Protein chains: 2
Amino acid sequence: MEILELENFLPYRLYRLADAVSREFSTIYRERHGLTRPEWRTLSGLGQRGTMTATALGEQSAMHKTKVSRAVAELERRRWLTRTADENDRRVEHLTLTKAGLAAYREMVPLAKAFERELLAKLSASERAAISDGLAALEGALGKG
Amino acid sequence: MEILELENFLPYRLYRLADAVSREFSTIYRERHGLTRPEWRTLSGLGQRGTMTATALGEQSAMHKTKVSRAVAELERRRWLTRTADENDRRVEHLTLTKAGLAAYREMVPLAKAFERELLAKLSASERAAISDGLAALEGALGKG
DNA sequence: TTTCGATGGTTACAAATGAAACCAGTTTGG
DNA sequence: CCAAACTGGTTTCATTTGTAACCATCGAAA
C-alpha cells in the first residue's frame with residue numbers, strides 16, 4: 001500500500017515548524033504588551049514602513065482583511081496609531097503610529113532580532129544559507145502561482 | 001532608528017509560507033471529503049502508522065490534545081476509525097482506521113504526493129536540496145530547545 | 001493500603017478566525 | 001448623467017481554536 005511519510009511531507013513540515021517558531025516568539029510580545037499576532041504584525045508593518053493603508057498591510061503580511069481591521073481598531077483604541085483620511089479617495093485611510101506606538105515598536109525590535117539571532121545561532125553557516133535560499137525559492141515559486 | 005525588515009524575518013517568512021502552502025493544500029481534502037486539517041492529520045497519521053494512541057498522534061503532528069480529541073471523535077462518527085481499549089492501562093485507547101477510513105486514506109495519498117510534486121517542480125534541484133536541508137536543520141535546532 | 005501527584009482523554013467556556021453580507025465611496029460604460 | 005460593477009473597510013454570524021477545569025486511571029512513595 002502506498003504510504004505518505006508525514007515527516008518528509010513539505011506542507012506538513014513547514015506548518016509544524018512555523019507553528020512552533022511563531023508560537024514561541026509570540027509569547028514575547030504577548031507577555032510584554034498583550035498583543036495578538038495580527039496586532040504585532042500591524043505594529044511591525046507600520047514601524048517599518050511609516051504609513052500604510054489597511055489593504056497594503058493585509059497584502060504585506062498576508063492577513064485577511066478582517067484581521068487587519070480588528071488589529072487596527074485595537075491599536076487605535078490603545079492610541080498607538082491614528083488614521084488620516086486620504087485626500088483623493090475618501091474610502092482610504094492612512095495609518096501611522098503615534099509616539100506611544102513608535103515607542104512600543106522601538107522596544108520590540110531588539111527583542112525580535114535577539115529571538116531570531118538565538119534561533120539562527122543554533123545552525124551552522126551553511127545551514128543558515130540553506131534555510132534562507134530554500135525559503136526564498138519557495139516564496140518565488142508561490143508568487144508565480 | 002532601528003527597523004525590523006519583516007520580509008527577512010524568519011518567523012514571519014516561515015509562517016507566511018506555511019500558511020499559503022497549507023491553505024492551498026487543504027482545499028484538496030476539504031473539497032474531496034469535507035475534512036478539517038486536524039482530521040486530515042489524524043487520518044494520515046493512522047494511515048501511515050497503522051495504530052496510534054491519541055497522545056502519540058498529538059506528538060507526531062504537533063496538535064493540541066483537544067484538537068486530536070475532536071478530530072478523533074469526528075472520524076469515529078464517520079466510522080473511519082475505531083477505538084480499542086488498552087489491556088494494561090484503561091486510560092489509553094488505540095486508534096485504528098476502519099475499511100472506510102483506509103479507503104479514504106488510499107485515495108488521499110496520491111493527491112498529497114501530486115500536490116507536493118507540483119510544488120517542488122517549480123524549484124531547481126539545488127533549491128529543493130536547500131529547502132530540505134534548511135528545514136531539517138531548523139527542526140533539529142528546535143528539537144534540542 | 002492509602003494518598004498524592006502525574007497522565008490519557010474529554011468538556012466547557014472564552015477568544016480568535018473566516019465567509020459572507022454590508023456600507024460608503026469610486027470608476028466605468030452606455 | 002446615471003446605473004452597474006468595483007474597491008476600501010467594517011460588521012455579523014458560525015466555526016475553529018486554546019485555556020483551564022475536569023474525570024478516570026495509574027504509579028510511586030509513605
Side-chain angles (χ1 to χ4, degrees), chain A residues 15-16 18-20 22-27 29-31 33-43 45-46 51-78 81-96, chain B residues 15-16 18-20 22-27 29-31 33-42 45-46 51-77 81-96:
Chain A
Y15 191 90
R16 191 168 140 85
D19 191 63
S22 173
R23 194 175 295 270
E24 196 182 333
F25 177 54
S26 77
T27 64
Y29 50 78
R30 188 154 31 85
E31 285 176 2
H33 287 300
L35 288 179
T36 65
R37 193 173 50 218
E39 285 155 20
W40 186 84
R41 284 189 178 186
T42 302
L43 181 69
L46 294 181
T51 289
M52 296 177 86
T53 68
T55 315
L57 265 172
E59 281 164 10
Q60 194 215 16
S61 31
M63 287 193 286
H64 194 262
K65 60 187 197 163
T66 61
K67 268 191 196 168
V68 177
S69 173
R70 294 189 260 242
V72 167
E74 169 60 22
L75 294 189
E76 185 185 31
R77 202 193 56 69
R78 292 186 183 213
L81 65 76
T82 53
R83 315 180 191 231
T84 340
D86 183 280
E87 302 259 301
N88 307 317
D89 188 337
R90 285 159 57 205
R91 292 168 306 181
V92 177
E93 27 194 38
H94 300 277
L95 308 166
T96 320
Chain B
Y15 191 88
R16 191 167 140 84
D19 190 62
S22 174
R23 193 176 296 270
E24 196 183 332
F25 177 53
S26 76
T27 64
Y29 50 78
R30 190 156 28 85
E31 284 176 2
H33 286 301
L35 288 179
T36 66
R37 193 173 51 218
E39 284 155 21
W40 186 84
R41 285 189 177 186
T42 302
L46 294 181
T51 289
M52 296 176 88
T53 67
T55 315
L57 264 172
E59 281 165 9
Q60 195 217 14
S61 32
M63 285 193 287
H64 194 263
K65 60 188 196 162
T66 61
K67 266 191 198 169
V68 177
S69 173
R70 294 190 259 243
V72 167
E74 169 61 20
L75 294 189
E76 185 185 31
R77 203 191 56 69
L81 64 76
T82 53
R83 315 181 192 233
T84 339
D86 183 280
E87 301 258 301
N88 307 318
D89 188 338
R90 283 160 57 206
R91 292 169 305 181
V92 177
E93 25 191 43
H94 301 277
L95 308 166
T96 320

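Order of the sequence lines fixes the chain letters, A, B, ..., with proteins taken first and strands second; residue numbering starts at 1 for each chain. Note that this is a predicted model, so its numbers are computed, not measured.
One can place CG of B:Leu57 at 13 Å from C1' of C:dG9, the figure rounded to the nearest angstrom. In this structure, B:His94 places its NE2 atom 12 Å from P of C:dG8, rounding to the nearest Å. At whole-Å resolution of the value, CE in B:Met52 and P in C:dG9 are 11 Å apart. The CD-C1' distance, from A:Glu93 to D:dT7, rounds to 13 Å in whole Å. For B:Met63 and D:dT19, the CE to C1' distance is 18 Å, given to the nearest whole Å. Rounded to whole Å, the distance from NZ on A:Lys65 to P on D:dT12 is 15 Å. Going from atom CG of B:Leu75 over to atom C1' of C:dG9 covers 16 Å, rounded to whole Å. Atom C1' of nucleotide C:dA20 and atom NE2 of A:His64 are separated by 9 Å, given to the nearest angstrom.
The pair A:Glu74-A:Arg78 counts as a salt bridge, with a side-chain nitrogen and a carboxylate oxygen less than 4.0 angstrom apart.
Closest to the side chain of A:Thr66, from the set C:dG9, D:dT10, D:dT25, is D:dT10. Checking C:dT26, D:dG9, D:dT25 against the side-chain heavy atoms of B:Arg90 singles out D:dT25 as nearest. Listed candidates were D:dT11, C:dG9, D:dT19. Nearest to the side chain of A:Ser69 is D:dT11. In this structure, of C:dT17, D:dG18, D:dG9, it is C:dT17 that holds the atom nearest to the side chain of A:Arg70. Side-chain proximity of B:Lys67 to D:dT17, C:dG18, D:dT10: nearest is D:dT17. Listed nucleotides: C:dG9, D:dT17, C:dT11. Nearest to the side chain of B:Val92: C:dG9.
Between A:Ala54 and A:Asp19, the one whose closest nucleotide on DNA chain D sits nearer the 5' end is A:Ala54. Looking at which nucleotide of DNA chain D each of A:Arg30 and A:Val68 is closest to, the 5′-most match is held by A:Val68.
Shown are A:Arg37, A:Arg41, A:Arg23; of these, the side chain to side chain donor-acceptor pair (under 3.5 Å) with B:Tyr15 is made only by A:Arg37.
A sub-4.0 Å separation between OP1 or OP2 of D:dT10 and a side-chain N or O of A:Arg83 is present. Taking 4.0 angstrom as the limit, B:Thr55 places a side-chain polar atom (N or O) nearer than this to OP1 or OP2 of C:dG9. Dashed line: the shortest gap from a side-chain N or O of A:Arg23 to OP1 or OP2 of D:dG18 is under 4.0 Å. For the pair A:Arg91 and C:dT26, the criterion of a side-chain N or O lying under 4.0 Å from OP1 or OP2 is not met. Contact check, B:Arg37 against D:dT15: no side-chain N or O comes under 4.0 Å of OP1 or OP2.
A donor-acceptor pair under 3.5 Å is absent between the side-chain atoms of B:Ser69 and the main chain of B:Lys65, judged by distance alone.
The distance from the OG1 atom of A:Thr82 to the CG atom of A:Leu46 is 9.5 Å, given to the nearest 0.5 Å.
Within the 4.5 Å cutoff, no side-chain heavy atoms of A:Thr84 are placed close to those of A:Glu93.
Using a 4.0 Å heavy-atom cutoff across all strands shown, B:Asn88 reaches sugar-phosphate atoms only and no base atom.
Ring pair A:Phe25/A:Trp40 is perpendicular by interplanar angle, where above 60° counts as perpendicular and below 30° as parallel.
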